[in-house]
Protein chains: 2
Amino acid sequence: MSLHEVPNIAPRCGDCPIRHRAVCARCETDELAQLDAIKYYRSFEPGQTVVWAGDRMDFVASVVTGVATLTQTLEDGRTQMVGLLLPSDFVGRPGRPNAPYNVTATTDLLMCCFRKKPFEDLMGRTPHIAQRLLEMTLDELDAAREWMLLLGRKTAREKIASLLAIVARRDASLNLRTPSGRMAFDLALTREAMADYLGLTLETVSRQMSALRRDGVIELEGKRHVIVPDYDLLLDEAGDDADGGYLP
Amino acid sequence: MSLHEVPNIAPRCGDCPIRHRAVCARCETDELAQLDAIKYYRSFEPGQTVVWAGDRMDFVASVVTGVATLTQTLEDGRTQMVGLLLPSDFVGRPGRPNAPYNVTATTDLLMCCFRKKPFEDLMGRTPHIAQRLLEMTLDELDAAREWMLLLGRKTAREKIASLLAIVARRDASLNLRTPSGRMAFDLALTREAMADYLGLTLETVSRQMSALRRDGVIELEGKRHVIVPDYDLLLDEAGDDADGGYLP
DNA sequence: CGAGCCCTTGAGCCGCATCAAAATAAGTGG
DNA sequence: CCACTTATTTTGATGCGGCTCAAGGGCTCG
C-alpha cells in the first residue's frame, strides 16, 4: 500500500478548504453532518488513473486538492481533454452507472468521495445538494461551450493565451484575489496535456509558448512556472475581452 | 403583427408532442396544471433571433417544434455554434438574468415559455422539475463534451459524417425508430450553419458533402434532403463507433 | 426576367501537423 | 558523485488539410 492511499490530511467538513464552493456549499450544519457520515477520502499520485471511461463507477467525489483531467479518445489514439478538474470541482454523475471519460490525476490529488447510492438517497432528501449540483453543472456547461468556441475558432496563439488566462484566473480566485496586473502561478500540465486540452500538438504548444515569451506576454521560470507581467495584455492575446466567464 | 407571433397550435399539456421528454416530463397531473397556468407560447420565423447574447432574458422555454441554434462570437465576427436545439430541448438558465448566447430560429419555431420568476418559484416547490432539469443539463454537458472531441480532433470529413449521423439519429428517435440501414431526413441547416457548428468554413463543408456523395456514403435530393444508404458506413466515417451517446 | 440567396468548384496559400533530432531535466543504480 | 536512462521540452525542415479569395450555377420570389 503506497503512502498515497492514506491521505495525511482528512479535514473535518468544518475546516475543509473547498467547503464554500463544492457540492456541499449550501448545506446547513445538520445536512453537512449527514454528508460527513458517508464521506471518505482517496488520494492519487500524478499520472494515476482515477477511473477509466466505460468502467463501473460506484462513487461520486469532489476534488479537495490537486488537479485532475477528463479525457476522451478515438480508437486510433487521438485524445481530447474535455475537462480540467480543480479544487471544488465535482466528478461523477448521479443516476449513471458507468464513467463516460477517463479521469486522471496530473498532480497529487485528494478527493472527497461518497458512495453513489447513499449520496443519491441523501440528494433526494436534501434539496440544497441538488440545487448546488444543478448550479455547478450549469457552470460546467457554460465552460464547455466556452471551450467549444476556443476549439472551433481560435488560433493556436489565442488558444494558449486563453488557457493561461483561465489558469491564472482560477489561481487568483483560489487566493481570493482579483486577476489583474502582474501574476505568477504554476502550470500543473505538461505540454502534451496542454495540447490535448487545446486540440493542438505538443510541438505547436511549445512553439507558441516560446513565441509568447519572446513577445513579452509571459515569462517562464523553469518549464512550468509562469509569470504574467500584464494580465490585460494576456487577455488581449486570448481574443475575447469578454473574459469568458469560466468561473465566478 | 406577423402571423408568426400567434401560433396556430397551442397544445394542452396533455397532448403536447414533447410531454415525455421536456423539462415537464416527470411532472404529476397537479404539477402539470401549475405549469399549464403560467405557460405561454411564442413562435418565430426562420432567421429570427429569439434573444441576443448579453440581453436580459426574463423567461425560460422548451422547444416544441422546429430547430434553433445557440451561437457565440468573437469581436472580429468568427462564429461558433455551441448548441443545436431540437424539440424538447430547454433554453435559459434559472438564476441568471442575462442570456449567455445568441438564440436563433433556423426553421419555423414554436416555444413553450415560462416567465422566469414564477418558474423558479415553482421549481423550488416541485422537485420533479428540478430533477428533470438536472438530468437534461447533465445530458447537454455530455453532448458538449462529445462535441469538444469533434472540434479538437476530428478531420473535416469526420466532422461532417458525425453531424449527419447525429441528425439522422435524432430524427429516427423522434419517429420512434432505431437508427440502422437506409435512412432519409431533412437537414434544417444551411452550409454556413453546418460550418459554424463544425468549426469549418462553408466551402469546406460543401466540398466534403460532395466528397461523401461521390463516395456513396450519402445521396442528396436537392440541397437539404439527405439519404443515408447505410447508417453503419456513415458511423465508420464519423470516426467513433462508440456512436457518441448524444441522445438516449 | 432580374435580384438575392445558397451552394459548388477552382486556384493558391498559410497555419499547424508530421517527422526528426538535439537540449534539458530528473531520476537510478553502480 | 558520476554514467546512464528516461521523460519532457525545444527547435528545425517539410508537407498537407483546410482557409481565403474568386467565379459561376441553381432556386425562389418579386
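Order of the sequence lines fixes the chain letters, A, B, ..., with proteins taken first and strands second; residue numbering starts at 1 for each chain.
Positionally, the nearest nucleotide of DNA chain C for A/T155 lies more toward the 5' end than for the other of A/K223 and A/T155.
Just one residue in the list B/K154, B/E146, B/R157 forms a side-chain hydrogen bond (donor to acceptor under 3.5 Å, both in side chains) with B/S162, and that residue is B/K154.
Considering only the side chain of B/T190, C/dC7 comes nearest among C/dC16, D/dC21, C/dC7. Taking the side chain of B/A156 as heavy atoms from C-beta on, and the options D/dG18, D/dT10, D/dC19, the nearest nucleotide is D/dG18. Nearest nucleotide to the side chain of A/L200, out of C/dC16, D/dT10, D/dC21: C/dC16.
Among the protein residues, B/G199 comes within range of the sugar-phosphate backbone only, with heavy atoms under 4.0 Å from sugar or phosphate atoms but none that close to a base.
Remark: C1' of D/dG18 and NZ of B/K154 are 18 Å apart, rounded to the nearest angstrom. With rounding to whole Å, B/K159 atom NZ is found 12 Å from D/dC19 atom C1'. If you measure from atom CG of A/L150 to atom P of C/dC16, you get 12 Å, rounded to the nearest angstrom. When rounded to the nearest whole Å, the span between CZ of A/R191 and P of D/dT8 equals 12 Å. The NE2-P distance, from A/H225 to D/dT9, rounds to 16 Å in whole Å. When rounded to the nearest whole Å, the span between CG of B/L220 and P of C/dT9 equals 10 Å. Rounded to whole Å, atom P of C/dC7 lies 5 Å from atom CZ of B/R224. In this structure, CG of B/L202 is placed 16 Å from P of C/dG10, rounded to the nearest angstrom.
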Let me have the donor-acceptor pairs involving side chains of residues 76-85 of chain B, under 3.5 Å, with sequence neighbours excluded, atom names and distances please.
from: B/D76; atom 1: OD1; to: B/R78; atom 2: N; distance (Å): 3.3
from: B/D76; atom 1: OD1; to: B/R78; atom 2: NE; distance (Å): 3.2
from: B/D76; atom 1: OD2; to: B/R78; atom 2: NE; distance (Å): 3.0
from: B/D76; atom 1: OD2; to: B/R78; atom 2: NH2; distance (Å): 3.0
from: B/R78; atom 1: NH1; to: A/R153; atom 2: O; distance (Å): 2.9
from: B/R78; atom 1: NH1; to: A/E158; atom 2: OE1; distance (Å): 2.8
from: B/R78; atom 1: NH2; to: A/E158; atom 2: OE1; distance (Å): 3.4
from: B/R78; atom 1: NH2; to: A/E158; atom 2: OE2; distance (Å): 2.9
from: B/T79; atom 1: OG1; to: B/G77; atom 2: O; distance (Å): 3.0
from: B/Q80; atom 1: NE2; to: B/D196; atom 2: O; distance (Å): 3.0
from: B/Q80; atom 1: NE2; to: B/Y197; atom 2: O; distance (Å): 3.1

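Distances shown here put every side-chain N or O of B/S206 at or beyond 4.0 Å from the OP1 or OP2 atom of C/dC7. For B/T204, no side-chain nitrogen or oxygen approaches OP1 or OP2 of D/dG17 to under 4.0 Å. Contact annotation: B/R207 does not reach the phosphate of C/dT9 (side-chain N/O to OP1 or OP2, under 4.0 Å).
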Full working for salt bridge (Lys or Arg N to Asp or Glu O under 4.0 Å) between B/R170 and B/D89: CA-CA 12 Å; B/R170 261 201 87 149; B/D89 285 338; 3.4 Å; yes
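At a cut-off of 3.5 angstrom, counting only N and O atoms as typed in the model, there is a donor on one side and an acceptor on the other between the side-chain of B/E203 and the base of D/dC21.
Between the CD atom in B/E140 and the OG1 atom in A/T137 there is a gap of 11.0 Å [rounded to 0.5 Å].
Both tests pass for B/R42 against the ring of B/F59: distance under 6.0 Å to the centre and angle within 45° of the axis.
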